[in-house]
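Counting convention: from 1, in listed order, for ligands and their atoms alike.
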Amino acid sequence: MDPRTGTPVVGMVGGGQLARMTHQAAIPLGQSLRVLSVSDSDPAALVARDVVLGHHTDLDALRAFARGCDVLTFDHEHVPTEHLHALVADGVKVHPGPDALVHAQDKLVMRRKLADLGLPVPPFAEVTRLDDVTAFGAKFGWPCVLKAARGGYDGRGVWMLNTPESAQRVVPELLEAGTPLLVEQCVPLRREFAALVARSPFGQGAAWPLVQTVQKDGICVEVLAPAPEVHLELAESAQELALRVADELGVVGVLAVELFDTDAGILVNELAMRPHNSGHWTMDGSLTSQFEQHLRAVLDYPLGATDPVAPAVVMANVLGAPTVPEMGVDERLHHLFARYPDAHVHLYGKAERPGRKVGHVNVLGERMEQAREKARLAAHWLSHAVWLDGHQIH
Ligand code: ADP
């Protein structure tokens with residue numbers, strides 16, 4: 001409890017953009033997020049006052065950080081599971097707890113658990129030797145998808161193996177380096193969805209509308225809310241699936257369930273137990289943003305309404321251009337706001353590097369295609385200082 005404000009202190013491990021935007025949501029709740037950050041120039045460290053510098057793999061740093069926090073939560077999945085158990089044994093309130101979070105940390109643990117629950121997942125197998133991959137490919141066909149069970153993100157840690165020879169080139173080296181691996185069938189996916197929900201310790205659940213996520217080179221570039229041209233039944237069953245996963249795993253906080261849409265129905269790809277890129281649209285497009293909802297959930301407040309506030313909401317990520325444009329960010333914003341006064345810009349205060357997520361733009365509209373075009377143009381302009389449609393600046 002912060003004696004100055006009488007409000008609880010939430011400590012978030014990790015100082016990335018998710019912590020930055022959670023801090024933003026903490027302010028109207030009378031709070032100020034406490035952040036454990038690796039560097040004082042991380043996105044959240046630039047804006048929050050209560051920043052502790054330390055590493056999330058250092059148990060002593062985690063213990064010191066947790067002192068004085070009412071609850072501990074996360075901006076990423078990279079805290080070692082054994083450290084989380086140690087904190088719980090110390091009496092720290094950790095949300096989501098380690099028994100839930102391990103399913104977002106380890107893809108093999110997650111696949112096994114969901115399969116045990118009878119939930120739809122792609123065929124998969126653990127890989128401890130090259131033979132595991134070649135036998136899997138022989139059974140399910142090539143290409144197959146090899147994944148690092150832990151530590152991957154934004155497509156890093158995912159390898160498409162087209163032939164047994166490509167497996168031979170990749171697998172032994174990874175095994176030698178000690179990377180825990182699994183192999184999956186390469187699913188013929190029509191598109192990708194995300195079902196975002198939140199769950200409180202009390203057991204209350206809330207679901208946002210199902211969204212479509214658009215990936216490029218393994219990175220999410222756009223989110224369309226609600227997912228266009230989806231049968232109501234399918235959207236509802238995806239939301240129910242996500243709420244069930246949250247319940248079965250005992251998740252506290254926001255849970256994102258990434259889904260593949262296939263001819264045979266939806267399959268779960270992966271889980272994230274924190275605010276997620278697929279929920280950034282909620283900052284401007286829903287009655288309650290995912291960041292506020294995450295705080296409400298970890299503090300066991302009643303959850304907020306998840307209704308969208310416009311018929312179509314599009315989020316486009318601002319991804320660093322191959323070369324940083326000469327025109328500075330400040331001037332790019334001038335031109336952006338001149339052209340699109342209704343675009344909601346969220347920049348993370350990160351240095352621009354090729355392909356790096358440095359911000360996002362939300363656009364609300366009556367029609368999905370128009371909102372999508374505007375969001376796409378705005379995000380590309382912000383990173384490249386080029387209007388994709390040839391628009392001239394004055
Ligand atoms: P990360 O944890 O790095 O986000 P994912 O497991 O989500 O990795 O995979 C990244 C992307 O690779 C997915 O969004 C999807 O486009 C593609 N992908 C992953 N697994 C499969 C699969 N089994 N079949 C087809 N495509 C896949």
Task: Donor-acceptor pair between T22 and Q24 side chains, under 3.5 angstrom - done: no
Task: Side-chain H-bond candidate by donor/acceptor type, Q290 with H280, under 3.5 Å - done: yes
Task: Partner set under side-chain contact (heavy atoms from CB on, under 4.5 Å) for R372, not counting sequence neighbours - done: V214, E222, L224, V314, E369
- [ ] Keeping to residues at least two apart or across chains, list the ring-ring contact (aromatic ring centres under 6.0 Å, His included) pairs with something in residues 25-66.
- [x] H56-H76
Task: Pocket residues of ligand 1, ordered first by chain and then by residue number (heavy-atom cut-off under 4.0 Å) - done: K107, V145, K147, Y153, D154, G155, R156, V158, E184, Q185, C186, V187, L189, E192, Q215, E258, F260, N269, E270
- [ ] Would you kindly check if the NZ (Lys) or CZ (Arg) of R376 is within the cone defined by 45 degrees around the ring axis of W381 and under 6.0 Å from the six-membered ring centre?
- [x] no
TODO: Could you list all the salt bridge (charged side-chain N to carboxylate O under 4.0 Å, His left out) pairs where at least one residue sits in residues 72-94, not counting sequence neighbours?
DONE: R63-D90, E77-R274
